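A short write-up of the structure that comes next.
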Amino acid sequence: MTPAQLIGLTESALMLILTVVGPLLLTSLIVGVFVGLLQALTQIQETTLTFVPKLVAMGLVFLLMLPTIGQALGQFMAKISDMIIHG
């Protein structure tokens, strides 16, 4: 494996990570800020109040992003398979 192939594979892996995890992290951040602001305004300090909305929102985003995630994983696997087969 040449250094150029290794750099290309690393770049593809990093983009795959951003594609899979990025929307979930962004959702968690937005919901967390919103719930934190709501807690600060109402002075309700309940730990489940921060956990449950994040879990529900991330679950919904994961279900919506599932085709995109599957496509990204499939393309990455095809790229790795081509590299293995064609040397």
Side-chain angles (χ1 to χ4, degrees):
M1 180 177 279
T2 66
Q5 288 176 328
L6 187 60
I7 290 172
L9 187 61
T10 304
E11 182 181 337
S12 295
L14 290 174
M15 289 304 295
L16 177 67
I17 290 170
L18 288 176
T19 302
V20 171
V21 179
L24 295 173
L25 288 176
L26 190 61
T27 301
S28 178
L29 176 71
I30 292 170
V31 172
V33 167
F34 180 73
V35 170
L37 185 63
L38 184 69
Q39 281 184 327
L41 291 174
T42 60
Q43 294 182 352
I44 298 173
Q45 298 300 322
E46 181 67 32
T47 56
T48 57
L49 187 63
T50 60
F51 181 71
V52 173
K54 282 185 193 178
L55 186 65
V56 170
M58 288 176 61
L60 289 173
V61 168
F62 181 72
L63 287 176
L64 291 173
M65 291 296 297
L66 204 55
T68 305
I69 292 170
Q71 182 181 11
L73 288 171
Q75 288 175 351
F76 186 70
M77 187 61 207
K79 184 174 184 173
I80 289 178
S81 297
D82 285 342
M83 291 179 77
I84 290 172
I85 292 171
H86 295 43

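We use all heavy atoms of the structure for the numbers below, so side chains are in, but hydrogens, waters and symmetry mates are not. Along the sequence shown, residues carry numbers from 1. Only a predicted model underlies this, so the values are computations on that prediction, with no experimental measurement involved.
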>> Applying side chain to side chain contact (heavy atoms under 4.5 Å, CB included) to Leu66 and Phe62, what does each step give before you reach the verdict?
In response: CA-CA 6 Å; Leu66 204 55; Phe62 181 72; 3.6 Å; yes
> Can you name the side-chain contact (heavy atoms from CB on, under 4.5 Å) partners of Glu46, sequence neighbours left out?
Replying inline: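 Once residues adjacent in sequence are excluded, the partners of Glu46 under the side-chain contact (heavy atoms from CB on, under 4.5 Å) criterion are Ile44, Thr48, Leu49.
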> With Phe51, which residues qualify under side-chain contact (heavy atoms from CB on, under 4.5 Å), at least two apart?
Replying inline: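 Checked Phe51 against side-chain contact (heavy atoms from CB on, under 4.5 Å); matches are Leu55.
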Please list, one pair per line, the donor and acceptor atoms closer than 3.5 Å that link side chains of residues 2-28 to other protein atoms, with sequence neighbours excluded.
| residue | atom | partner | partner atom | Å |
| --- | --- | --- | --- | --- |
| Thr2 | OG1 | Gln5 | N | 3.2 |
| Gln5 | OE1 | Thr2 | N | 3.2 |
| Thr10 | OG1 | Leu6 | O | 2.8 |
| Ser12 | OG | Gly8 | O | 3.0 |
| Ser12 | OG | Lys79 | NZ | 2.5 |
| Thr19 | OG1 | Met15 | O | 2.8 |
| Thr27 | OG1 | Pro23 | O | 2.8 |

> Are Met65 and Val31 connected, step by step, through hydrophobic side chains (Ile, Leu, Val, Met, Phe, Trp, Tyr) whose heavy atoms are closer than 4.5 Å?
Replying inline: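 They do not share one cluster, since no chain of ILVMFWY contacts under 4.5 Å joins Met65 to Val31.
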> Do the side chains of Ile84 and Phe76 join up, straight or via other hydrophobic residues, at under 4.5 Å, putting them in one cluster?
Replying inline: yes
> Taking side chain as C-beta onward, heavy atoms only, is Ser81 less than 4.5 Å from Met77?
Replying inline: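 Yes, side chains in contact.
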>> Using 0.5 Å steps for rounding, measure from the CG atom of Leu37 to the OG1 atom of Thr42.
In response: 9.5 Å
